Amino acid sequence: MSDLRKKWQDEGLKVGFVPTMGALHEGHLSLVENAKKDNDKVIVSIFVNPKQFGPNEDFDVYPRMIREDADKLKGLDVDAIFLPNAADMYPAGFQTYLTNSAMSKVLCGAYRAGHFDGVLTVVLKLFNIVKPTRAYFGKKDFQQFRILSAMAKDLMLDVELVGCETVREADGLAKSSRNLRLSEEERQIAPKLYEAMTALKAAYSDGLRSPDELLQVFDKLIEEIPQFKVEYAKLLSADRLEDFESNINEAAVFAVAAYLGSVRLIDNIELG
Ligand code: AMP
């Protein structure tokens, strides 16, 4: 990868980079399409990063399907697929981690100890290897995108981060590698999450600005479906991920994490 990257640098080429954990779906592929539009070359990495999973999380059962992934990427004419392995990324003696001290405290960060340290650390390592001109991330993982953007700004990285819209199934369910682990029954129920989120957004569009009253719109609908175990459902400012003290008065994000059986779904919707 280093040799290839040096060659492209010498040729003055712009390189777009899409980091993923594989089990690729149309969400990932939309990032690749965006990267292809803006750059001369596109590199996709596939690495299920052990450092961003907690001890009781789904690292062992996370879907891995490298052959199918490679075929999909070949179909899109990607220039290189980077497949690091954990022993190379984290050799014995590895001891340095990155931390975000503000936005990582809320939403997923409040429930997944160390998760964003793992994400920040692996993404910075990947940036150092791949040296992208631009890197593409999905706003499906809104908090992740915000935290990585803060990293790029705070550490003065020479890379442009591009946030891409969430790609959904026809019934509204946000595409996710974890959807593969839903049972048939759970898959039927799953889109109700986005339905309830959309109802909250409709109330916002009708002029409702009280966070409590907006959350009630979502809660009322989601409570009708006992299979959902909501971990969090929060309205925060979109740029800093902070609570609103009173009514919503700037761009906001409504972010949700909910379990369906053993599968943890996350989704969000931007307001204003
Ligand atoms: P992952 O493989 O889950 O780590 O995701 C790799 C990248 O794809 C991240 O930047 C995600 O935010 C993005 N991504 C995942 N699902 C979607 C989706 N449904 N729409 C757009 N981007 C997505």
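In this text the structure is predicted, and so the values were computed from the model without any measurement. Start at 1 and go down the list; that is how both ligands and their atoms are numbered. Side chains are part of it too, since the values below use all heavy atoms of this structure and drop only hydrogens, waters and symmetry mates.
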Residue pair C108, Q144: steps toward the side-chain contact (heavy atoms from CB on, under 4.5 Å) verdict: CA-CA 9 Å; C108 289; Q144 169 173 281; over 6 Å; no
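Note: F53 and F59 have perpendicular aromatic rings, judged against thresholds of 30 and 60 degrees for the angle between ring planes.
In this structure, K139 does not count as a contact residue of ligand 1, since none of its heavy atoms falls inside 4.0 Å of the ligand. Using a 4.0 Å cutoff on heavy atoms, F47 does not count as a contact of ligand 1.
Polar contact with ligand 1: present for D141 (N/O pair, distance under 3.5 Å). Every N/O-N/O distance between L31 and ligand 1 stays at or above 3.5 Å.
Judged by the 6.0 Å and 45° rule, R209 forms a cation-pi pair with Y204. Cation-pi geometry between K51 and Y90 is met: the NZ or CZ atom falls under 6.0 Å from the ring centre, inside 45° of the normal.
A salt bridge does not link D88 with K125: none of the charged nitrogens is closer than 4.0 Å to a carboxylate oxygen. Taking 4.0 Å as the cut-off between side-chain N and carboxylate O, E11 and K41 do not count as a salt-bridged pair. One finds no salt bridge joining E224 and K192 here, because no Lys/Arg side-chain nitrogen approaches an Asp/Glu carboxylate oxygen to under 4.0 Å. Classification of D10 and K6 as a salt-bridged pair holds, one side-chain N sitting under 4.0 Å from a carboxylate O.
Atom numbering of ligand 1 starts at 1 in the shown order; those under 4.0 Å from a heavy atom of F137 are 10 (O). Taking every heavy atom of H25 and a limit of under 4.0 angstrom, the matching atoms of ligand 1 come to 15 (C), 16 (N), 17 (C). The contact set between ligand 1 and Y62, taken as ligand atoms under 4.0 Å from a residue heavy atom, comprises 3 (O). Interface of E165 with ligand 1, defined as ligand atoms under 4.0 Å from a residue heavy atom, comprises 20 (N), 21 (C).
Looking at G27, G22, A174 and measuring to atom 18 (C) of ligand 1, the nearest heavy atom belongs to G27. For atom 1 (P) of ligand 1, the nearest non-hydrogen atom from the set E169, R168, H28, K175 comes from H28. When P19, S176, G138 are ranked by how near their heavy atoms come to atom 13 (C) of ligand 1, first place goes to G138.
Within a 6.0 Å radius of CG in D158, other residues, nucleotides and ligands contribute 12 heavy atoms or fewer.
Scanning the protein heavy atoms around atom 20 (N) of ligand 1, the nearest turns out to be V167 N, 2.8 Å. Ranking protein heavy atoms by distance to atom 4 (O) of ligand 1, first place goes to M21 CG, 3.5 Å.
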